[in-house]
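Below is one structure, written out as structure tokens; the observations come after it.
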Amino acid sequence: MRVGCRLFPLLLLALLRGLCHGREAAPSAVTCGSVLKLLNTRHSVRLHSHEVKYGSGSGQQSVTGVEASDDANSYWRIRGKTDGSCQRGTPVKCGQAIRLTHVNTGKNLHTHHFPSPLSNNQEVSAFGDDGEGDDLDIWIVQCSGTYWEREDAVRFKHVGTEVFLSITGEQYGHPIRGQREVHGMPTANHHNYWKAMEGVFIKPSMDPAKHDEL
């Protein structure tokens with residue numbers, strides 16, 4: 001098909017716009033493979049775990065909230081529902097199923113039908129070995145746009161039990177004095193909003209080696 005000289009620049013501009021739109025998985029999106037800290041926006045504490053087990057309930061590794069921004073035990077890796085379902089560097093979509101793997105211990109963020117020790121909500125623990133756990137490690141990212149953006153406050157809804165990852169402010173004593181209880185709640189409210197904070201974010205790119213260090 002022949003295109004008139006006057007029409008060619010307009011067609012080229014439209015093509016370029018289309019290409020840009022196709023790559024719009026914004027550089028500010030949280031991506032698969034990224035390692036980050038998650039801040040509860042209501043209580044200003046970061047999602048945390050450590051090699052301290054619950055003394056009741058499941059007896060699994062405890063998950064808490066800490067105020068310190070520089071604690072190395074607050075890093076989590078974004079992974080897919082199954083291996084290969086979340087390619088490194090791919091933006092995480094709103095409504096996507098993910099796993100959150102604790103970097104220092106290799107256990108996945110997990111919940112199940114045990115009461116949490118302080119608030120009697122649903123216990124949240126860290127479970128599995130070397131990133132491998134079970135179906136109760138899967139969470140849905142709830143956000144309002146197309147992708148999970150770093151600046152967004154999002155919710156994590158558990159697939160198996162339908163609770164939301166939450167903090168309501170209860171504090172532990174010895175041996176983790178001052179850390180907050182993390183638990184699952186059946187209702188969506190201001191206690192279950194989380195925001196991506198410090199971390200290493202893999203860029204949405206054909207080259208997975210590229211990343212942003214924050």
Side-chain angles (χ1 to χ4, degrees), residues 30 35-79 97-129 131 133-143 148 152-199:
V30 174
V35 172
L36 50 74
K37 295 180 180 181
L38 290 166
L39 178 76
N40 183 279
T41 59
R42 174 69 175 180
H43 298 279
S44 296
V45 292
R46 286 161 174 78
L47 188 68
H48 179 90
S49 191
H50 40 219
E51 293 181 346
V52 177
K53 294 182 178 180
Y54 287 120
S56 60
S58 69
Q60 293 176 3
Q61 182 171 299
S62 59
V63 172
T64 63
V66 298
E67 292 182 355
S69 61
D70 58 352
D71 195 315
N73 272 319
S74 300
Y75 283 112
W76 300 82
R77 185 181 302 278
I78 308 297
R79 302 173 63 213
I98 64 167
R99 289 175 290 174
L100 290 164
T101 302
H102 188 243
V103 171
N104 280 357
T105 63
K107 296 183 183 296
N108 296 327
L109 188 70
H110 180 95
T111 190
H112 39 213
H113 293 296
F114 286 91
S116 60
L118 301 182
S119 66
N120 206 38
N121 283 297
Q122 185 166 297
E123 180 192 276
V124 170
S125 65
F127 173 76
D129 295 296
D134 62 22
D135 289 343
L136 293 177
D137 301 340
I138 301 169
W139 301 79
I140 298 293
V141 180
Q142 289 194 343
C143 43
W148 173 10
D152 291 346
V154 305
R155 290 189 174 102
F156 300 100
K157 186 174 184 179
H158 190 245
V159 171
T161 64
E162 298 189 339
V163 297
F164 295 89
L165 183 68
S166 305
I167 291 179
T168 48
E170 294 82 4
Q171 294 190 22
Y172 288 105
H174 182 78
I176 50 175
R177 185 175 303 278
Q179 296 187 23
R180 310 295 178 87
E181 181 187 81
V182 174
H183 50 249
M185 298 184 73
T187 56
N189 55 51
H190 54 274
H191 295 294
N192 35 59
Y193 275 118
W194 300 84
K195 185 177 177 181
M197 298 299 287
E198 306 84 1

Checklist entry - Is there a donor in the side chain of Ser119 and an acceptor in the side chain of Glu170, or the other way round, less than 3.5 Å apart? => result no
Checklist entry - Do you know which two heavy atoms are closest between Phe164 and Pro186, and how far apart they sit? => result CE1-O, 3.9 Å
Next on the checklist: Show, in sequence, the C-alpha distance, side-chain angles and deciding distance for Glu67 and Val45, and conclude whether the side-chain contact (heavy atoms from CB on, under 4.5 Å) test is met.
Outcome noted: CA-CA 5 Å; Glu67 292 182 355; Val45 292; 3.7 Å; yes
Checklist entry - Where do Val182 and Val63 come nearest, in terms of heavy atoms and distance? => result CB-O, 3.7 Å
Item to check | Side chain proximity check, Leu100 to Leu38, heavy atoms < 4.5 angstrom | outcome: yes
Checklist entry - Measuring from Asn40:CG to Leu165:CG, what's the distance to the nearest 0.5 Å? => result 8.0 Å
Checklist entry - If you look at every heavy atom in His158 and Ile138, which pair is closest and at what distance? => result CD2-O, 3.4 Å
Next on the checklist: Between Asn192 and Thr187 (side chain of the first, backbone of the second, donor and acceptor by atom type, cut-off under 3.5 Å), is there such a pair?
Outcome noted: yes
Next on the checklist: Looking at Tyr172, I'd like to know if the NZ or CZ of Arg177 sits under 6.0 Å from its six-membered ring centre while staying within 45 degrees of the ring's axis.
Outcome noted: no
Item to check | Between NE2 on residue His102 and CG on residue Leu47, distance to nearest 0.5 Å | outcome: 8.0 Å
Checklist outcome for this item: To the nearest 0.5 Å, atom CG of Asn108 lies from atom CG of Asp129 at 9.5 Å
Next on the checklist: Could you check whether atom CD of Glu51 has more than 12 heavy atoms from other residues, nucleotides or ligands sitting under 6.0 Å from it?
Outcome noted: no
Item to check | Asp152 with Lys195: basic N within carboxylate O range, under 4.0 Å | outcome: no
Next on the checklist: Go through it in stages, so that I can follow the logic: the residues are Arg180 and Gln171, the test is side-chain contact (heavy atoms from CB on, under 4.5 Å), and I'd like the CA-CA distance, side-chain angles, deciding distance and then a yes or no.
Outcome noted: CA-CA 4 Å; Arg180 310 295 178 87; Gln171 294 190 22; 3.4 Å; yes
Checklist entry - So, for Gly57 and Glu123, which heavy atoms are closest and what is the spacing to 0.1 Å? => result CA-OE1, 3.7 Å
Next on the checklist: Using side-chain heavy atoms (C-beta onward) and a distance below 4.5 Å, is Arg42 in contact with Ile167?
Outcome noted: no
Checklist entry - Going through the checks in order, is the side-chain contact (heavy atoms from CB on, under 4.5 Å) test met by Leu109 and Phe156? => result CA-CA 11 Å; Leu109 188 70; Phe156 300 100; 6.0 Å; no
Next on the checklist: For Val124 versus Gly184, what's the shortest heavy-atom pair and its separation?
Outcome noted: CG2-N, 3.7 Å
Checklist entry - What are the two closest non-hydrogen atoms of Pro175 and Val52, and how far apart are they? => result CG-CG1, 4.4 Å
Checklist outcome for this item: Separation between CG (Leu136) and NE2 (His110), nearest 0.5 Å, reads 4.5 Å
Checklist entry - Between atom OG1 of Thr41 and atom OH of Tyr193, what is the distance when rounded to the nearest 0.5 Å? => result 8.0 Å
Checklist entry - Would you say Gln61's side chain and Lys107's backbone share a donor-acceptor pair under 3.5 angstrom? => result no
Item to check | From His50, Gln179, Lys53, Glu181, residue fulfilling side chain to side chain contact (heavy atoms under 4.5 Å, CB included) relative to Ser62 | outcome: His50
Next on the checklist: Using modelled atom types and a 3.5 Å cut-off, is there a donor and acceptor pairing between side-chain atoms of Arg79 and backbone atoms of Gly131?
Outcome noted: yes
Checklist entry - Looking just at side-chain N and O atoms, do His48 and Ser74 make a donor-acceptor pair shorter than 3.5 Å? => result yes
Checklist entry - Would Lys37 and Tyr75 satisfy side-chain contact (heavy atoms from CB on, under 4.5 Å), going step by step from the backbone distance to the final call? => result CA-CA 5 Å; Lys37 295 180 180 181; Tyr75 283 112; 3.4 Å; yes
Item to check | Phe127, CZ atom: more than 12 neighbouring heavy atoms under 6.0 Å | outcome: yes
Next on the checklist: With rounding to the nearest 0.5 angstrom, report the OG1 to NE2 distance, Thr111 to His113.
Outcome noted: 8.0 Å
